[in-house]
Structure formats: structure tokens, C-alpha cells
**Student:** 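So that we are looking at the same thing, I have put the structure below in C-alpha cells.
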Amino acid sequence: MNTAALRHRPESEDCYLYTEGLLTLHFHTAKDDVAKVSLIYGDPYLTVLDPATKKTVWRYQTLAMRKIGTGQTEDYWSVDLRMPYSRLQYQFLVEGKDGTTLLYSDRGLREDTPANRTENVFRMPYFHELDRVKTPDWAKETVWYQIFPERFANGDKHNDPEGTKPWRPADHPGREDYYGGDLQGVLDHLDDLQALGVNGLYFCPLFTAASNHKYDTIDYFDIDPDFGDKALFAKLVSEAHQRGMKVMLDAVFNHIGEHSLQWQDVLKNGADSRFASWFHISNYPLTPFHDPNRGEGKPQYETFAFEPHMPKLNTANPEVQDYLLNVATYWIKTFDIDAWRLDVANEVDHHFWKRFYQATQRAKKDFLIIGEVWHSSQPWLNGDQFSGVMNYAYTEQIEDHFLTHKLSAKSLVELLTDQLMMYRPQNDQVMLNMLDSHDTARLLTVAHGDEDLALQALAFTFTQTGMPCIYYGTEMGMAGENDPDCRRPMDWSKLNGPVWQRVHALIAFRRKYAKTLGQGTTRLTVTPSGLIKVVRAGDARSWRTSTRPPSPLRWPQRRRWPKAIRPAS
Ligand code: CA
């Protein structure tokens, strides 16, 4: 037995409360190496009299664990249990395929003897409902639609920026181009979005900024005049809510735009600026900026990447924290938004995000927080910072199988299983699963223009755990290379066209089975003939529920739709 591969950590994604009172434990072993894993467990304070020794000993039970998946190098074992007194002590009995039997305990590996079974146990001293990681149930049934506001629709010519170009969907936009998209354009098309079937709108930044993408915030407390004003935004949120759509805003709290009042004051007054401590400044003068990539030495101040126009905010400064938390709660309390998507969230300190979580949860019950993290995200997903993250780590692998064929079906299933097992299912269920965005090439372009292939990858994504997200224009079959080309003006001529119909059918499928697909867990396997089998279970982890999963969806390698979502011919 490969003992080096045995792994478990209490109070982590290996040992957690899933639903109220229901505890799930996972154990890791090397792939195909172990025949059986059992949990030896009990309440630490329950004892029994040993008739042989006449001594009082710990009263334990054993429970077989189920193998629930296989990753690239590991097998995953799982068991669910309820403890009447909310306390647990435990260890694992591991039986290798080579006949070795060992106890995996809190203090290493031990021989399986009666005495050892009662010693060196792991502890969950007391599990509190308050500490259970919770994510909003509404989010698990949401299909998001991402809007890049400058390119969605121009509903008001009066607010068009100077030099606005004609709305030509075939254009390849330049970095500095404007097309006049705005909030009135979104309002004008809300009925179209409702007809498409989405029930969540995710807006790229709307706040006053200097660029067309608005990621260089000037004023977090106002809507950019290119897009409209606060009254119009309030109307938009209200109209969306009336249609059963949630609203998610995007904000950058890692850095601020160079044209902000705060940074302009620092540029003008240097070390004497009242905002100097809002930033990470090591020396003056601040200009010209020293770019290490051009051999100019260490920059005078910290920035996003080495971008002098985006100075990094000092979120260790309580004044900055309070300012940003006011921003966060202002848009919730005044406009009733339902979620924040946080740009460059991984470069901001955890201390700030914990305060952010507390402030937003106080402002609105079941508020959703999605962080932009492109890599393993366990540190942010312990119930006190984010609900989920932008799940590129998951969806890029779907593209690598379906679209670019870099991964075999077997590798895809193993890698996706590894991703799912990194987090508690309540977090997996609210990951933002998008195949493309304003930051990546469009789905159809990655699929080399093959609509069937693009839609097949999308269909697969819609069966997975996590909130599916459609990037504006995907339903119109739009193409585009990496940004800025993926930000072309929306092609409204394709509304209700063949691609739109198929995306519409896919969204209807997901929403019809929202409970199962949203709340359940996923098991992925590959048949010997190379079919990917996706089994979604309602609350199958809990043997108490009667929810039956729909029949497994069988996935051919290419170009065939599962019957449930095959487009009408
Ligand atoms: Ca406009």
C-alpha cells in the first residue's frame, strides 16, 4: 500500500457540515491502491464497560466509506453521518489491495490492534451550525448572463461618448473604441433576456471610470455617465427583480483608477497628501514610473501588475477598509443588488475580505460573493470570505477536452473530479462556470467556428455542479479572439436565430432541473468505450432524502446532444 498517499485533514474540505447536522468526511488514497476504508468513530464522552478488563473504554462504531471518485493520482472516499451530541472523534481503518491493514490516526499510522482503535483519534470537538459553510440557495438555481455594458446595446444616443463608432457587430474593436452601449440598452432588451431564460444579470463595472471597460474606477459611488445614472440603474434593478432576475455588480477593490480624487491628490501633494497612506508608496517622486520590465528598477508604488495607471489600494489601512466597505454596502442598501463579483480578488488580503463578508451579509441576507481567482481557492472558501470563484480552473479543462482536444475523456474526468473534491459541495454549487468572458477568447472562436462543438461544450457545462454563465453574444453565435476582440458590439440580428434557439433550450433544461442540477453533487466516470457519464444526484449524499436523480446523461465524444436538450429541428 502506498501509505504516503493517505490523507485527511479535520475541519477542512475533508471534514465539514454539509447541511444542518449532516457531517461529511473524505479520505484520500493512491489510485487503485486500496480495497476498503472504514471510519472508526463515536462521541468522545460515550463509554462502555469492557467485560474482559472490567475497565470503562470509549464506545466506537465502524462505518464503511464509499469510493466516490477517482482523480489524476487519488481515489476519494466519503461517508456522511449525524452525531446526536455534535461531537466526534474518529480515525480510519485502511485495507490495501496488497493485504496491508493500518489505522490512519491523528498521530500517524498505527497497527490495527484493539487498544490502538481507541487512541490517537482525530477530533471534531464540537460542530456549530454557525460555523457551517453556507451559500445562497437562490444562486444554485441561477443561470447567469454576463453583460459588458459598452457593447450590449445602445439605448440612448444622448450619452454616447465623443467619437462613438457605428454599431457594427463585425467590427474588431480597438482598446480605446467606444460604441455607446448603456443601461437604457439593457432595459430595452430585458424582455429578450427573459425570453432567453436567464435569471441572473452579471454586469461588468458600471462605476465612473476613464476607459470603455471601466475597470479603472474614478468614483465607486456613481454610475458612469456613458451608461446612465443612478435613477436609471435603480429602475433596471427593479425591472430585473420583477422578472425574477438577480443582479450582480463587478467591482475592483484591489486598485483604483489614476483619475480618482484620491490618487490625483497624491500626485499633486506627494507625501503630504491625506491619501498618501491609502496606497503602497515606497519613494517619491511618483513620476516617471519605474517599470522593472523596462529595466528601470523597483517601482515607486505598488500597482496592478506593473500598470502605473492602476495604483494598488492599501487595504491594511482601516480608513481604506471603511471606505470600500461603505461602497460595498451602499449598492446593496440603496439599490438592492444581490451579489458582488470581485475583480483581482486574489491580490487583496484575507483580513479585508473577512470584514467584507461580514458587512455584506449584515446588509442583505443570502448575499452572494464571487471572487476572481483563476487558481486553487481553498483559502477564500471557508465560509467567511467568498461563496465561490470564477471557475476557470474547471471550465478551461472542459474546453481542453471538447474544443482543443488536449485532454482525453479519461483525463478530463479525473481532473474535474480533483477540482470538485478541492471544495465543499456548497461552494462547488455556486462556482461561476463560464466558458468565456470579457477576459478570454469567445467560445465559438476557441471551437474554430464549429457551432455544434461550441454548444456541446456549453451543454456539458450546464450539467455540471456550479452556476452556468453565458457571456453576452454567445446566444447569437458571436466570435472573437482575446480581448478586446471578444468585446464586439452585440449582434442583435441573430436574436431568435438557430444558435439562440439551442442556447434557449439549454437554459430551459437547466432551469427545469434546477433543484437537482443546482443543489446536487456530480459523479463523473468514463465508460470503457470512452463515453463520459455524468451522474447528478439530488441530495444523494444524505440517505434520508428521497430525491431521485434523473437517469444518467451519457455523453458521446462529439456532436450528439442528449435527448433532453436536443434542439427542435
Ligand atoms: Ca449610449
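Ligands are counted one by one from 1 in listed order, and the atoms in each one are counted from 1 as well. Numbering starts at 1 and runs along the sequence shown.
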**Student:** Is the backbone N or O of Phe304 less than 3.5 Å from a side-chain atom of Glu347, with the two atoms forming a donor-acceptor pair by type?
**Tutor:**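 Not confirmed, Glu347 side chain does not pair with Phe304 backbone.
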**Student:** Are Arg442 and Tyr472 in a cation-pi setup, meaning NZ or CZ lies under 6.0 angstrom from the ring centre and within 45 degrees of the ring axis?
**Tutor:**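 Yes, Arg442 lies over the aromatic ring of Tyr472.
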**Student:** Tell me if a side-chain donor or acceptor on His405 pairs with a main-chain N or O of His401 at a distance below 3.5 Å.
**Tutor:**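 Yes; at least one donor-acceptor contact below 3.5 Å.
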**Student:** Number of protein N/O/S atoms less than 3.0 Å from the Ca ion (ligand 1)?
**Tutor:**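 My tally for this metal is 6.
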**Student:** May I ask you to check if Lys494 and Trp500 form a cation-pi contact, with NZ or CZ under 6.0 angstrom from the six-membered ring centre and within 45° of the axis?
**Tutor:**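 No, cation not above the ring by the 6.0 Å, 45° rule.
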**Student:** Testing Trp263, Phe279, Tyr284 for ring-ring contact (aromatic ring centres under 6.0 Å, His included) with Tyr301, which one passes?
**Tutor:**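 With Tyr301 as partner, ring-ring contact (aromatic ring centres under 6.0 Å, His included) holds for just one option, Trp263.
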**Student:** Quick one: is the NZ or CZ of Lys214 closer than 6.0 Å to the six-membered ring centre of Phe227, and within 45° of its axis?
**Tutor:**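 Yes.
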